[in-house]
Amino acid sequence: MEIIAAFAVGLIALCLIGKIIALPMKILWKMVTNSIVGAVLLWVVNLFGAGVQITFLKALIAGVLGVPGVIIVLLMN
């Protein structure tokens with residue numbers, strides 16, 4: 001009976017550790033995806049002649065916020 005209880009406690013602990021590790025990875029993956037989408041959209045907007053000068057601040061806004069960030073950058077211009 002003690003072995004089953006120890007196994008159950010170990011399994012629960014393993015699941016909790018997995019959840020704790022997976023959360024930052026989800027956030028990191030979302031940030032990377034938003035950055036790539038934001039950079040591509042800024043490039044496409046400039047390709048069509050919007051004339052947006054890409055600075056570090058504008059790239060940071062578009063990278064962190066993604067599509068809404070590109071819209072904000074366009075409205076700032």
Side-chain angles (χ1 to χ4, degrees):
M1 191 61 149
E2 292 173 9
I3 294 174
I4 296 173
F7 182 73
V9 169
L11 189 62
I12 291 171
L14 187 63
C15 287
L16 288 175
I17 290 171
K19 285 272 189 191
I20 291 170
I21 291 173
L23 183 63
M25 293 304 283
K26 284 182 182 179
I27 293 171
L28 179 67
W29 182 252
K30 185 174 181 178
M31 291 293 285
V32 168
T33 305
N34 276 347
S35 297
I36 292 171
V37 169
V40 168
L41 283 177
L42 271 178
W43 178 74
V44 167
V45 165
N46 274 336
L47 190 65
F48 286 114
V52 176
Q53 183 180 7
I54 299 176
T55 62
F56 178 74
L57 180 65
K58 290 178 183 179
L60 185 66
I61 291 170
V64 171
L65 298 176
V67 176
V70 173
I71 294 170
I72 289 171
V73 168
L74 287 174
L75 292 176
M76 284 178 16
N77 194 13

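We're numbering straight along the sequence, starting at 1.
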Are [X] and [Y] connected, step by step, through hydrophobic side chains (Ile, Leu, Val, Met, Phe, Trp, Tyr) whose heavy atoms are closer than 4.5 Å?
X: Leu60; Y: Leu28; result: no
X: Met76; Y: Ile71; result: yes
X: Val9; Y: Ile12; result: no

Quick one: side-chain contact (heavy atoms from CB on, under 4.5 Å) partners of Ile4, sequence neighbours excluded?
->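 Per chain and number, Ile4 pairs via side-chain contact (heavy atoms from CB on, under 4.5 Å) with no residue.
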Please indicate whether Met25 has more than 12 foreign heavy atoms, meaning atoms of other residues, nucleotides or ligands, lying under 6.0 Å from its CE.
->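 For Met25, atom CE is not crowded (no more than 12 foreign heavy atoms under 6.0 Å).
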Atom CD1 of Ile3: over 12 foreign heavy atoms under 6.0 Å =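 Count not over threshold, so no.
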Enter the distance from Lys58:NZ to Ile72:CD1 here, rounded to the nearest 0.5 Å.
->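 Atom-to-atom, Lys58:NZ and Ile72:CD1 are 13.0 Å apart.
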ILVMFWY cluster membership beyond Ile21 - transitive side-chain contacts under 4.5 angstrom |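 Reading the cluster by chain and number, Ile21 sits alongside Ile17.
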Just distance, no hydrogens or angles: give the donor-acceptor pairs under 3.5 Å from side chains in residues 30-49, sequence neighbours left out.
from, atom 1, to, atom 2, distance (Å)
Thr33, OG1, Trp29, O, 2.8
Ser35, OG, Met31, O, 2.8
Ser35, OG, Gly63, O, 3.4
Asn46, OD1, Val52, N, 3.0
Asn46, ND2, Val52, O, 3.0

